[in-house]
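In this chain, residues are counted from 1 in sequence order.
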Amino acid sequence: MDLDLSPKLAKKVYGDDAGSYYAWCPDELPMLRQGNIGAAKLALEKNGFALPLYSDSSKVAYVLQGAGVAGIILPESEEKVIAIKKGDAIALPFGVITWWYNKEDTELVVLFMGDTSKGHKPGQFTDFFLTGANGIFTGFTTDFVKRAWDVDDDTATALIGNQKGKGIVKLDANFKMPEPKPDHRKGMALNCEEAPLDTDIKNAGNVVLLNTKNLPLVGQVGMGADLVRLEGNAMCSPGFSCDSALQVTYIVKGSGRLQVVGVDGKRVLETFVKAGNLLIVPRFFVVSKIADPDGLSWFSIITTPNPMFTHLAGSIGAWKAISPEVLQAAFKVPAETEKLFRSKRTNDAIFFPPPK
């Protein structure tokens, strides 16, 4: 496999003083097209409003920064208006209509990653806006709008032409948007920074898994996710997805080193990663990361709703399950070397603290 696996930054697609929309291009990150994965970011300034839209892809949204309000309308369901903040993960199945609004001073930034296998363009999201200069109303003639929505000429003309903005607009500071309802949030979002930890290794790192148990909607999306936080100079065990899933990783915070090993034991990627980078690890390839002194955090989607991983080092590493004689023969080493190898990492699972 000669694909370019190096991490990439998103590029601006559109936007103005109300906010911007960024996306990763499959021409620059070929694994997006090969894996049928889309990735994008929405950044809203104060009073920025992302107009209602639906997409050709199911997605997982993750709030990278700030706080705001999201409107989510599932097919044949009422609108859910939820408060969102940094660390929130939201599953967005096919057919969902969404809008996003930021009324705070801090920029609201939301990451989207999802499956484009049923989309118009492999590796890219195609969004369909309900309103705005590129919204569906502008495509219909006035007589169709009048008849479909049972309105008069003036109303139809206003619906078609009043909103000149595209995608993102800035609202007047005094405009009253719907207030979020606490009961609407249940089952719609999970804050990964506040959720119970699935794994927590002292001085090394922790992980929160997003699956059908804690956010059932991911079953409809067809993807799971996780938030991993490595302490400074700690290491994440070499491992791979053992259920043929792709792992799409966005670096949320910090920096560090990363290596990926593929077919025939070839190291296909050795690189430095930093906040804002996106990369995709091919199926069954083994990946490992070491954080810089300031630590390293990443959010990943995995293309199955309940992902499974095999780790090759640590107390739960696959090597521990293999009989000593097989290891001795496989490595072609004496028994003493095999015993030394097996005796290491008996207490650390998945994450390893910095060497003393």
Side-chain angles (χ1 to χ4, degrees), residues 18-21 39-55 57-115 125 127-132 167-171 173 175-196 208-227 250 252 299 301 305:
S20 300
Y21 181 82
K41 279 196 300 187
L42 172 69
L44 293 179
E45 302 297 335
K46 185 173 184 179
N47 298 318
F49 174 44
L51 296 173
L53 63 79
Y54 62 92
S55 178
S57 307
S58 58
K59 307 172 185 175
V60 173
Y62 182 74
V63 182
L64 296 168
Q65 176 184 301
V69 180
I72 301 171
I73 304 95
L74 296 169
E76 299 182 0
S77 178
E78 67 172 350
E79 179 184 59
K80 304 283 188 181
V81 181
I82 65 172
I84 57 172
K85 64 179 182 178
K86 181 176 177 289
D88 277 348
I90 306 161
L92 303 173
F94 277 115
V96 68
I97 295 172
T98 61
W99 55 261
W100 310 81
Y101 176 62
N102 180 22
K103 62 180 179 180
E104 307 296 336
D105 292 330
T106 302
E107 185 180 48
L108 172 65
V109 184
V110 184
L111 171 72
F112 301 94
M113 298 192 287
D115 175 16
F125 299 135
D127 294 328
F128 296 84
F129 291 92
L130 301 190
T131 67
I168 303 170
V169 299
K170 178 162 280 192
L171 300 182
F175 189 85
K176 290 287 290 182
M177 288 291 280
E179 290 295 326
K181 299 179 180 179
D183 58 313
H184 281 188
R185 187 178 163 87
K186 184 178 180 182
M188 300 298 299
L190 176 77
N191 191 279
C192 296
E193 295 187 354
E194 299 173 355
V208 170
L209 297 175
L210 188 71
N211 53 37
T212 55
K213 294 180 181 178
N214 52 20
L215 193 61
L217 265 182
V218 300
Q220 293 185 40
V221 173
M223 291 173 289
D226 60 23
L227 175 66
Y250 176 85
V252 174
F299 182 80
I301 62 164

[X] and [Y]: which non-hydrogen atoms are nearest, and at how many Å?
X      : Y      : result
Ala61  : Val110 : CB-CG1, 4.0 Å
Val69  : Pro180 : CG2-CD, 4.1 Å
Lys170 : Ala18  : N-CB, 3.5 Å
Gly48  : Leu44  : O-CD1, 3.7 Å
Leu108 : Tyr101 : CD2-O, 3.9 Å
Ala89  : Leu215 : O-CD2, 3.9 Å

Evaluate the side-chain proximity of [Y] to [X]: yes if any heavy-atom separation is below 4.5 Å, no if none is.
X      : Y      : value
Phe112 : Ser55  : no
Ser58  : Gln220 : no
Leu51  : Phe49  : yes

Of all pairs that satisfy salt bridge (Lys or Arg N to Asp or Glu O under 4.0 Å), the ones with a partner from residues 93-112, not counting sequence neighbours: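 Qualifying pairs, neighbours excluded: Lys46-Asp105, Lys103-Glu179.
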Drop me the distance from [X]'s [atom1] to [Y]'s [atom2], to the nearest 0.5 angstrom.
X      : Y      : atom1 : atom2 : result
Ile168 : Asn102 : CD1   : CG    : 11.0 Å
Lys41  : Tyr62  : NZ    : OH    : 13.0 Å
Ser57  : Leu92  : OG    : CG    : 11.0 Å

Sequence neighbours excluded, which residues qualify as side chain to side chain contact (heavy atoms under 4.5 Å, CB included) partners of Ser20? Lys12, Tyr22
So among Leu210, Val218, Asn211, Ile301, which one has a side chain to side chain contact (heavy atoms under 4.5 Å, CB included) with Met223? Ile301
Audit row: Tyr250, Phe299, ring-ring contact (aromatic ring centres under 6.0 Å, His included) steps and yes/no: CA-CA 5 Å; Tyr250 176 85; Phe299 182 80; 8.6 Å; no
Pairs in or reaching into residues 68-93: which pass ring-ring contact (aromatic ring centres under 6.0 Å, His included), with residues at least two apart or in two chains?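 The answer is none; no pair qualifies.
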Going by the side-chain hydrogen bond (donor to acceptor under 3.5 Å, both in side chains) test, which pairs reach into residues 87-98, not counting sequence neighbours? Asp88-Arg185, Asp88-Asn191, Thr98-Trp100
So, Asp115 side chain and Val221 main chain: donor-acceptor pair closer than 3.5 Å or not?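 A pair under 3.5 Å: no.
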Return all side-chain donor-acceptor pairs below 3.5 angstrom for residues 72-87, not counting sequence neighbours, or 'none' if the list is empty.
{"unit_1": "Glu79", "atom_1": "OE2", "unit_2": "Trp99", "atom_2": "NE1", "d": "2.7"}
{"unit_1": "Lys85", "atom_1": "NZ", "unit_2": "Glu194", "atom_2": "OE2", "d": "2.6"}
{"unit_1": "Lys86", "atom_1": "NZ", "unit_2": "Glu193", "atom_2": "OE2", "d": "2.6"}

Quick one: list whatever passes side chain to side chain donor-acceptor pair (under 3.5 Å) with Thr106, sequence neighbours left out. none
